Every structure is written in structure tokens, then in C-alpha cells.
Amino acid sequence: MGMTAGRVPGLAPADADGIRRYTRPEGKSGGHGVGWTEITPYAFDVYEGWEEVPVSIADPGGTEIDVRFNSDDDGGLKVVLAPVLRFRDVEEGTNPGIEDLIPFERFMAGFGPELIQSPVDEADILDAFVDTREGLTYYNFELRNHTLVAATAWKKRVYIICLQAPSRQWRNSADKLRKTMKSFKVVTSLA
């Protein structure tokens, strides 16, 4: 199919519950930091009112941000695609899981400054758990500052979704944001 530069629609119409599934379109090119090779599609659910917004390489972490969404009612999210080479050399033909790259206990200390622009101490983490989605291990975190993070690794990239909301939005939308975090997955069947 080839690569298509810029924003390519990937948001499905809302279902009966107002949930919209975003699936990264096949053929959408990567940005400056994520390279120009094919990226395995990922998907997550958002609600009516969420809209994709342009990503700028001038944003903090902008070179590795693949997509960004905002909602006036619920908050915002970004998906970061970080090369596994930031963690270690990976032999050609191998596909390490996230647990092979960085220990669960150290993930937020390493990525927190990039994701929320400040260090993350253990006291900042309200909840943390590991789960499996379609055979991949995911690290999941809820931070005191109303930030949710889920991350996995697949084919030389670490896929991270980061959702944030100010206190006013968090009070009404925390459960929806948690559902979005848990819906995030790399669609390995399309790889």
C-alpha cells in the first residue's frame, strides 16, 4: 500500500454506547522519531467528543508521539512509539516483550519524565498492575496527578498510551479513561 504522510483517519463511528474505536491506519507513516518503516497497528476505545489533534515535533516528546486525541469533557491522550534500542541492542529477527526490556518496577521512573514532564516517585503511583492482552504483556499505571499509562513492546517498538485529565474532568471521567487505558492493544493479528 505504501506510506501516507500526515494524519489519516482511523476513528470508527460510535457504537450504541457512544464508544469509538481508533485503529492506527495501515500505511500511515511514522514521524521523525519513530521512523518510516511499517508500524503494526494499535487500537483503543474513546467516547463521543474525542477528536484527533495534530502532533508537533516541537511538543515535549513530540518526535515519538504517533497520535494525540483531546476531549473537552474527558481529557487527553497520546500514543508514544519508542524504539527498543533506547533500552538495549536487539538482535535482528527477535521480538522481545516489554518485560525483557525494562523491569515493571522501573518503567515509570524511566518514562515518567517524558510522559508527564516531571519525575515519578513511588509515592506518585496509586495503582500498578501487569496484564496480558492478545498474548502481549502490558504494564499499567495510575498516577496521583490523574495520569494513566499502559505500555507493551512489539517488533522493536515500545507502544505507550498516556491519558491525562485535570481534576475537574477526572471526577466525571476517571472510569471512562480507565476503560480507554485497558482497551489499548497492539493488533498483532495485522502484523
Side-chain angles (χ1 to χ4, degrees), residues 10-11 17 19-24 34 39-47 50 60-61 64-71 74-84 86-88 95-167 169-191:
L11 196 57
D17 297 321
I19 297 172
R20 302 176 75 190
R21 162 86 23 132
Y22 175 83
T23 304
R24 185 185 199 280
V34 295
I39 296 169
T40 302
Y42 55 84
F44 55 85
D45 296 336
V46 292
Y47 295 82
W50 283 81
E64 293 180 353
I65 296 174
D66 191 53
V67 72
R68 187 185 296 273
F69 276 80
N70 280 329
S71 164
D74 299 326
L77 71 80
K78 61 186 170 188
V79 175
V80 175
L81 303 180
V84 298
R86 284 179 52 181
F87 305 97
R88 68 178 184 139
N95 189 11
I98 195 164
E99 65 277 14
D100 301 319
L101 300 172
I102 186 169
F104 177 64
E105 301 78 23
R106 290 191 7 228
F107 184 84
M108 285 310 300
F111 265 101
E114 180 178 335
L115 296 172
I116 65 170
Q117 284 69 60
S118 67
V120 177
D121 296 321
E122 196 171 311
D124 296 325
I125 301 172
L126 299 178
D127 188 24
F129 62 94
V130 177
D131 66 358
T132 303
R133 302 173 203 160
E134 295 188 12
L136 296 180
T137 300
Y138 286 77
Y139 293 171
N140 303 274
F141 302 90
E142 182 172 330
L143 306 181
R144 185 175 311 282
N145 70 346
H146 312 309
T147 298
L148 300 170
V149 174
T152 193
W154 175 255
K155 290 197 173 181
K156 297 189 180 181
R157 285 193 174 87
V158 177
Y159 291 73
I160 306 165
I161 190 169
C162 178
L163 300 102
Q164 294 180 299
S167 296
Q169 291 173 326
W170 182 259
R171 282 191 294 274
N172 297 322
S173 302
D175 288 339
K176 292 196 305 189
L177 295 171
R178 287 183 188 110
K179 287 178 184 174
T180 295
M181 178 189 75
K182 291 176 184 174
S183 72
F184 179 66
K185 64 182 177 183
V186 177
V187 188
T188 57
S189 61
L190 296 177

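Throughout, numbering of the chain's residues begins at 1 and tracks the sequence. All values derive from a computational prediction rather than experimental measurement.
- Closest of all the heavy-atom pairs between Lys155 and Asn95 is N-OD1, 2.6 Å.
- Contact detail for Arg21 and Ala43: the closest heavy-atom pair is CD-CB, 3.6 Å.
- Atoms CG and OG1, from Asp131 and Thr137 in turn, are 8.5 Å apart once rounded to the nearest 0.5 Å.
- Phe44 contributes atom CZ, which lies 5.0 Å from atom CG of Leu77 (distance to the nearest 0.5 angstrom).
- Rounding to the nearest 0.5 Å gives a distance of 11.0 Å between OG of Ser173 and CZ of Arg178.
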Exercise for the section: Step by step, work out the side chain to side chain contact (heavy atoms under 4.5 Å, CB included) result for Arg24 and Val67. Expected result: CA-CA 9 Å; Arg24 185 185 199 280; Val67 72; over 6 Å; no

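- Once rounded to the nearest 0.5 Å, the distance linking CD1 of Ile39 with CH2 of Trp154 reads 14.5 Å.
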Practice task
Kindly indicate, with the supporting measurements, whether the criterion side chain to side chain contact (heavy atoms under 4.5 Å, CB included) is fulfilled by Phe107 and Val149.
Solution key: CA-CA 10 Å; Phe107 184 84; Val149 174; 4.1 Å; yes

Practice task
Evaluate side chain to side chain contact (heavy atoms under 4.5 Å, CB included) for Glu114 paired with Glu64, printing each intermediate quantity in order.
Solution key: CA-CA 10 Å; Glu114 180 178 335; Glu64 293 180 353; 3.4 Å; yes

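- Nearest heavy atoms, Ala153 versus Leu101: CB-CD1, 3.8 Å.
- For Lys182 (side chain) and Ala150 (main-chain N/O), no donor-acceptor pair under 3.5 Å exists by modelled atom type.
- In this structure, the ring of Phe141 has its center less than 6.0 angstrom from the ring center of Phe104.
- Across Pro119 and Pro113, no two heavy atoms sit closer than the pair CA-CG, 4.1 Å.
- For the pair Leu11 and Trp50, the minimum side-chain heavy-atom distance is 4.5 Å or more.
- The aromatic rings of Phe184 and Tyr138 stand perpendicular to each other, their planes meeting at an angle above 60°, with 30° marking the opposite boundary.
- Between the side chain of Ser183 and the backbone N or O of Asp45 there is at least one donor-acceptor pair closer than 3.5 Å.
- Checked against Leu148 for a side chain to side chain contact (heavy atoms under 4.5 Å, CB included), the options Leu143, Thr180, Leu177, Asn140 give a single hit: Leu177.
- Using a distance-only test at 3.5 Å, with no hydrogens or angles considered, no donor-acceptor pair links the side chain of Asp124 to the main chain of Arg144.
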Problem - Test side chain to side chain contact (heavy atoms under 4.5 Å, CB included) applied to Val46 and Arg20, step by step - result: CA-CA 5 Å; Val46 292; Arg20 302 176 75 190; 4.2 Å; yes

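- To the nearest 0.5 Å, atoms CG (Leu81) and CZ (Arg157) are separated by 6.5 Å.
- The two residues Pro41 and Thr23 have their closest heavy-atom pair at CB-CG2, 4.3 Å.
- Atom OG1 of Thr147 is separated from atom CE of Met108 by 7.5 Å, given to the nearest 0.5 angstrom.
- Within 6.0 Å of NZ on Lys176 lie more than 12 heavy atoms contributed by other residues, nucleotides or ligands.
- Thr40 places a side-chain heavy atom less than 4.5 Å from the side chain of Tyr159.
- Nearest heavy-atom pair across His146 and Ser167 is NE2-OG, 3.3 Å.
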